[in-house]
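These values consider heavy atoms only, across backbone and side chains, with no hydrogens, waters or symmetry-generated copies. Proteins come first, then strands; the chains are lettered A, B, ... in the order of their sequence lines, and each starts at number 1. This one's a predicted model, so the numbers in the text were calculated from it and none came from an experiment.
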Protein chains: 2
Amino acid sequence: MIQTPYLLFLGDAPDPLAAKVAQGIKDWRPDFAIGQFRMEGCKADMKLPDMTLAEAKAAGAKTLVIGVANRGGVISAAWKKVLVTALEEGFDLASGLHNLLRDEPDLKAVAEATGRTLHDVRVPSVQYPIANGEKRAGKRCLAVGTDCSVGKMYTALCMEREMVARGMKASFRATGQTGILITGDGVPLDAVIADFMAGSVEWLTPDNDPDHWDLIEGQGSLFHVSYSGVTMALIHGGQPDALILSHEPTRTHMRGLPGYALPSLEDLRDTALHLARVANPACKVVGISINTAAMSEQEALDYCQQVEARMGLPTVDPFRHGAGRLVDALAEV
Amino acid sequence: MIQTPYLLFLGDAPDPLAAKVAQGIKDWRPDFAIGQFRMEGCKADMKLPDMTLAEAKAAGAKTLVIGVANRGGVISAAWKKVLVTALEEGFDLASGLHNLLRDEPDLKAVAEATGRTLHDVRVPSVQYPIANGEKRAGKRCLAVGTDCSVGKMYTALCMEREMVARGMKASFRATGQTGILITGDGVPLDAVIADFMAGSVEWLTPDNDPDHWDLIEGQGSLFHVSYSGVTMALIHGGQPDALILSHEPTRTHMRGLPGYALPSLEDLRDTALHLARVANPACKVVGISINTAAMSEQEALDYCQQVEARMGLPTVDPFRHGAGRLVDALAEV
């Protein structure tokens, strides 16, 4: 649906985490991302060529993808100027922001006048059902985190890549705007109406072959008070057979919540597993995924080894060291 | 906003539970409900005079309130005929259904032609914030259930009535369409976009006097796979100081989910309290509310006594026997 390749708009990202949409596209569909557009003060860098709109157009880019999120964000005047110019220069726009492109009268008018398309991937395009809790064929794996933004999506994508390489049947199931922009479909779960959250996850992960695995993209955390309801719906709608615990060891407090400490991995294991077994009594915690991006190689290896010894579960950074051991564990479920 | 008194529309309710909106209005604002309108096959009865539209109009009714819910419902042709006639005869319509009155072209056209108003109380009228988790002044109590529809709203309303009678500062905070129809405001939580659920509960229960209690209307259950995400958002957005456990002892499986057993009260206590303490480490479980509507007087008393002995917490049916002991427990927090 969205025309490729992309120019990734990083705007005035306040930190690298804010640009996780752009990073995801760059890591998982590098062929789609031919350049980045950064504004003054931008603190994110995809290590892609910095391009003006004209340069990107000349290089063949078709769509300007907004690769940066603002917490409860608005589309600022500075952003607007770039977006309007992009439409005028022949780009489509794609966005996963809460603030819809289509709700901005100037963007809508310019898009109509120039014949360009505004893609708001955050908006659900389906009337989801209420969850019925019925057992579905096939298997499902869900990553649950001690916090938001600790690597749950990357864990699922790494595992899918490894499973496909081994000839296993596996599908990454996107539940957020980054995943949807990467794979082209999915459920924008944080934009779904409360009553239909779990039902949308059931819809996303339907009956499948007995040896097929859905790798469901996790969202939020049971311990993050802003988004825990979304995580809960994933656990009950997803009926996971296997849980992966995800953690980022250098986080000093819950993301965006000063004063909120992270839970221990033991607490996450016990709490998530207990709730998951409501929907699937056979659910198991099979491994631990550590986001070691902020650690040296030796620190990362040492940390994973310590956690593995403590928790008795295969513990790796799948993005850094491969998802092989997590997939091995899954294959035994 | 909604003009009173009401004629309560019970439609073709498949069972009494389906008419809980009508029952709530009848129980908590009896002066608002002057009659009921039932169709063939209706299995609910508010013990109000059965009236035709003309009779209700003559008796002074201003608004036809849809007092019955359909699971994932549609507005049937049979209902539509009554609703159109009601508009033509001068009634406003009020509804908490997912299917909005305003989205039905015929209802909208007739309402415009006749100058009547369509009240869709399920639609959020506020742009809610994302939850920030900051500690708020004042105290909050939340009822959490072993299942949906076990008496959480009635528990909160009973406690509010008792507290007001004692001169305590207390406010019932509605989170569902019945509560909103009863009190005139609140958050239609199950219709809120996922990311803003917890924030809407923070918005609903703002800073208040240190000795003021919000009695927050509970929704769903942590153990009901269709709606557990909504419950989770109430627990984290509400930051309750006190939890009440709610239970209906004759339920044989989770509502609408054959094959799903109810959790024990011990499991509910431990699971809900653990999650509540993420947002409020001082949270306590202070009492148990049993919905004994399906039991004889002696059965009800015996059951509450057994649970109280087992759990070591004041256990009552607040609707049947008064909320005094629950309020006593709250006063000690």
Which of residues 213-221 of chain B have a heavy atom under 4.5 Å from any heavy atom of chain A? none
Testing the basics here: between R251(B) and V150(B), what is the closest heavy-atom pair and its distance to 0.1 Å? NH2-CG1, 4.0 Å
Shortest non-hydrogen contact from A18(B) to A13(B)? CB-CB, 4.5 Å
Quick one: what part of [X] sits under 4.5 Å from any heavy atom of chain A, side chain, backbone, both or neither?
| X | result |
| --- | --- |
| S228(B) | both |
| Y260(B) | side chain |
| V192(B) | backbone |

H247(B) pairs by side chain to side chain donor-acceptor pair (under 3.5 Å) with which of N291(B), D147(B), T146(B)? T146(B)
Just do the side-chain contact (heavy atoms from CB on, under 4.5 Å) check on M197(A) and M197(B) with the steps written out, would you? CA-CA 12 Å; M197(A) 293 187 298; M197(B) 292 186 299; 3.6 Å; yes
With a 4.5 Å heavy-atom cut-off (strictly below), which parts of residues 232-246 of chain A touch chain B? List them by number. M232(A), A233(A), H236(A), Q239(A)
Donor-acceptor under 3.5 Å (D120(A) side chain, R122(A) main chain): no
Please check: side-chain N/O of T175(B) versus main-chain N/O of V187(B), any donor-acceptor pairing under 3.5 Å? no
Chain B interface, residue from A198(A), P263(A), G133(A), G199(A) that has the most non-hydrogen pairs under 4.5 Å: G133(A)
Of the listed residues (K135(B), E202(B), H274(B), M254(B)), which shares the most heavy-atom pairs with chain A below a 4.5 Å separation? H274(B)
Step-by-step side-chain contact (heavy atoms from CB on, under 4.5 Å) determination, M311(B) to V285(B): CA-CA 11 Å; M311(B) 301 288 292; V285(B) 176; over 6 Å; no
By side chain to side chain contact (heavy atoms under 4.5 Å, CB included), K80(B) pairs with (sequence neighbours left out) I75(B), V84(B), E104(B), D106(B), L107(B)
Please list, chain by chain and in numerical order, all residues satisfying side chain to side chain contact (heavy atoms under 4.5 Å, CB included) with E134(A), sequence neighbours excluded. N132(A)
List the steps, then state whether side-chain hydrogen bond (donor to acceptor under 3.5 Å, both in side chains) holds for H98(B) with D190(B). CA-CA 9 Å; H98(B) 278 290; D190(B) 58 8; 4.5 Å; no
For R277(A) and L273(A), run side-chain contact (heavy atoms from CB on, under 4.5 Å): C-alpha distance rounded to whole Å, both residues' side-chain angles, the deciding distance at 0.1 Å, then the answer. CA-CA 6 Å; R277(A) 285 182 170 168; L273(A) 187 60; 3.7 Å; yes
Determine whether more than 12 heavy atoms belonging to other residues, nucleotides or ligands lie under 6.0 Å from atom CD of Q127(A). no
